[in-house]
Amino acid sequence: MLKGIGASDGIGVGRVMLIAEQSLEYTPREIADVNAELERYKAAVDKFCDSTMEQADAIRKSTGEKEAEILLGHIAIIRDPFMGGEIENLIKAHQCAEAAVDQICKMFIDMFSATGDDLTMQRAADVRDIRDGVIGNLLGIQEVKISDAPAGTVLVVKELTPSMTAGIKKENIVGIVTETGSQTSHSAILARALEIPAVLSVPNAVTQLSTDELIIVDGGSGDVITAPSQEQIGEYTAKREVFLREKREMETFRGKPTVSADGVEYELFCNIGTPKDATKAMEADGEGVGLFRTEFLFMDRDRLPTEDEQFEAYKQASLILKGKPLIIRTLDIGGDKEIPYLGLAKEENPFMGFRAIRYCLKNRDMFKSQIKAILRASAFGDIRIMFPLITAVEELRAGKALVEEAKADLKASGIAFDENISVGVMTETAASGVIADLLAKEADFFSIGTNDLTGYTMAADRGNSDVGYLYSPLQPGVLRMIRRIIECGRAEGIPVGMCGEAAASPVMIPLLMSFGLTEFSVSAPSVLKVRKNIAKWTKAEADAVAEKVMAMTTEAEISAYLKSII
C-alpha cells in the first residue's frame, strides 16, 4: 500500500495509466537577432493562451465556470505586463526565449513557494504550469493528451496540471494519483469538481506503479492499495456505496444553520485569497469569510497596490457577501514571503523575523493605506480588521492607534466608514497563547491560526519531514494552547474563531465545541462537511470526549482515540 494526501473523497478501483513527464531541456544560448527572438516568444505565448482558452472552455462544459477560471488565471498571469516585461528585457539582453521564460518564472515560483501558505504556494504550481507550457511551445513539444483514456482508468502522474485536467473525461477516470500537490492545490480543486477520487503527494508513485496495474484509490484516507485481493475489492466497493450515500445526505445541510445536536449555533465561515473567492464562499453556503488573505493584492505586480485599488477589492468582496461578515487580515508579508519590489532583506530565520505586523508597523504609510482602504470598504458591509502574528500587547495597541489615525483622516475628508469596526487578533504564536488573557482585554475578537500555532508551539517546521511527527494540532501542547486561547477570549466576552486547517478536521470538531469555539472558518469545499460534523455532537458528548483527550499524554494516543469514535 502507498500513502499520500487524500485530496478528493471517494473510492476508485481501476487500472493505471502512467503519464510520463516530458523533457523540457534546452541549451541556453546568446541571441543575435533580438527582434526575431521576441517574435518567437510572443508566438509561443499566443499559442499557449489559445490552447489554454480551449481548455478553459472544455472545463467550463464539464465542471463549471469557477473551475474554468483557474485556467483563465493562467492567461492573466502570462499576459501580466510585469512578468512579460521582465521576460522581454532578458531577451533584449540577448538571452534566448527559453532561458528568459525559465528565469522569470523561477523568480515567481520561488517567491510563492516560500510563503508556507497553501493557497499562495498554489500560485507557484500555476506558474510552473505556465512555464512548462510556454517553453514546451518554444521547443515544439506536443501537449499531453489524456482524453483517450479508457473507462476504469486511474491516472498516475508526477504533477496533474490544470491543463492536463481539461482533457479528462470524468466518466472514464475513476481515480487520480500524483507525486505532488496538497488539499488546496488546483489539481485537488479540479479533482473535487470532477468528483474523481484523488490521492496526492504519493512519493515516487510514477516509478512504483505500472501501466495496466489494478489498484484501489481511497481519496478520503489517502491510501493507494496495490495488487488488491478480491476481498479488498469487495470491501472498498461497499465503502464506495457508503460514501455516495453520505454525500447525498451532506447536501441536506445546504441552506441550513450550523447547529449542534442540542441546538447550539455556530458561525461557519470560509477562507479566501481574492475577491472572486467570495463568490465561491457563497456558492459553498458559507456564512461569511473568516479570513481574507490580502497578500495576493500585493503579488503579481511591480509596485504596491494603491489605496483605491485595495478599496475596490475589499468593497467587491463585501458586496458579494451581501452583508455577511468579512474578516480581512492585514498584510502578512516579509521574511520568507518575498515580494521583489519591496526589497526585503534575506534572513537566516525568516519565520521568526521581520514579517507581518512587525513589517507593517515599520512601514506605516503602506500599512495606513491598507487600513484606510479597509475602513472605506466597511461602509459597504460587515467588515472586520485582523492583525497577524501578534506576540505582544504593544503591537496590538500600535495597530489600533493606526486605525484611529486612519479614521480621523477619513472623517476629516468626509469619507464614510464603520466607526465601530471590530479589530481582532490572529492568535498563531505561542506568545499570543500565553498572553491571551491580556490580549483579550484589548481585542474585539480572536481567530486561531492553527497552522502557524502548531509550528511555533512545537518548534517544528511543517515542511521538514524529519520533525513531521511533531507537527500536529493533536499534540497535547497545541491542544492546551488552543483551549487557553478560547477560554481567555470567552472570559472577556469576545468571540473566538479558528481559520487554520484544524477547523475542518472531524477529529478536532468535538474538542473545539467543548472548548467553546464560536466560529469555524474553512475552505469552501469543506463547509457542508463541517456543518454535518457539528450537527453530530451535543455539548455534553463533546465535553466527555474532551475530558478523555485532555487526560492523555501523547499525540498518538489522542489521534487513535479520536479516530476510533468519529
Donor-acceptor pair, distance only, cut-off 3.5 Å: does the side chain of T180 make one with the backbone of K158? yes

I need the single residue from T330, L331, T294 that forms a side chain to side chain contact (heavy atoms under 4.5 Å, CB included) with P388. Which is it? T330

Is there side-chain contact between Y236 and F243, with heavy atoms separated by less than 4.5 Å? no

So, are R376 and E312 salt-bridged, with charged N and O less than 4.0 Å apart? no

Take a 6.0 Å sphere around CE of M53 and say whether it holds more than 12 heavy atoms from other residues, nucleotides or ligands. no

Is a side-chain N or O of T237 found less than 3.5 angstrom from the main chain of I233, in a donor-acceptor match? yes

Closer than 4.0 angstrom, basic N to acidic O: yes or no for D110 and K106? yes

Less than 4.5 Å apart, any side-chain heavy atom of I146 and any of I168? yes

So, the side chain of N89 versus the backbone of G85: is there a donor-acceptor pair under 3.5 Å, distance only? yes

Within the supplied structure, the quantity of interest is the number of heavy atoms (other residues, nucleotides, ligands) at a distance under 6.0 Å from R40 CZ; does it exceed 12? yes

Quick one: does L297's side chain get under 4.5 Å of E309's, heavy atoms only? no

If you measure from CG on D102 to CD on Q95, what distance do you get to the nearest 0.5 Å? 10.0 Å

Regarding D332 and R355, does a basic nitrogen lie under 4.0 Å from an acidic carboxylate oxygen? yes

Taking side-chain contact (heavy atoms from CB on, under 4.5 Å) as the definition, give me every residue that meets it alongside E249, ordered by chain and number, with sequence neighbours left out. R245, E246, K532

Taking the side chain from E287 and the backbone from L268, do they hold a donor-acceptor pair closer than 3.5 Å? yes

Salt bridge (charged side-chain N to carboxylate O under 4.0 Å, His left out): pairs with one or both residues in residues 198-227, sequence neighbours excluded: K3-D223

E88 side chain reached by Y41 side chain, heavy atoms, under 4.5 Å: yes

Under 3.5 Å, is there a donor on one side chain and an acceptor on the other for D461 and Y471? no

Check this for me, if you would: do K247 and E251 make a salt bridge, where the nitrogen-to-carboxylate-oxygen distance has to be below 4.0 angstrom? no

Below 30° counts as parallel, above 60° as perpendicular, anything between as tilted: where do the rings of H74 and F48 land? parallel

Taking atom types as modelled, find out whether S521 and N271 have a side-chain donor-acceptor pair closer than 3.5 angstrom. yes

Electrostatic pair D148:K169 at N-O distance under 4.0 angstrom: no

Check whether H94 reaches the backbone of E30 with its side chain - one donor and one acceptor, N or O, closer than 3.5 Å. no

With no hydrogens and no angle check, is any side-chain donor or acceptor of S8 less than 3.5 Å from a backbone partner on I196? yes

Run R131 and E98 through salt bridge (charged side-chain N to carboxylate O under 4.0 Å, His left out) and show every step you take. CA-CA 9 Å; R131 177 196 62 189; E98 291 89 345; over 6 Å; no

Does D452 reach the main-chain N or O of E428 with its side chain, forming a donor-acceptor pair under 3.5 Å? no

F112 six-ring centre to R123 NZ/CZ under 6.0 Å and within 45° of normal: yes

Return yes when atom CD of E25 has more than 12 non-hydrogen atoms of other residues, nucleotides or ligands closer than 6.0 Å, and no otherwise. no

Whether the Y314 and Q370 side chains hold a donor-acceptor pair (N or O, under 3.5 Å, no angle test) is what I'd like checked. yes

Measuring only between side-chain heavy atoms, which start at C-beta, is N172 closer than 4.5 Å to T153? no

Are F108 and M83 packed together at the side-chain level, in the sense that at least one heavy-atom pair is separated by less than 4.5 angstrom? yes

For the side chain of E37 and the backbone of A97, is there at least one donor-acceptor N/O pair under 3.5 Å apart? yes

For the pair K280 and D277, find out whether any cationic side-chain nitrogen is under 4.0 Å from an anionic carboxylate oxygen. yes

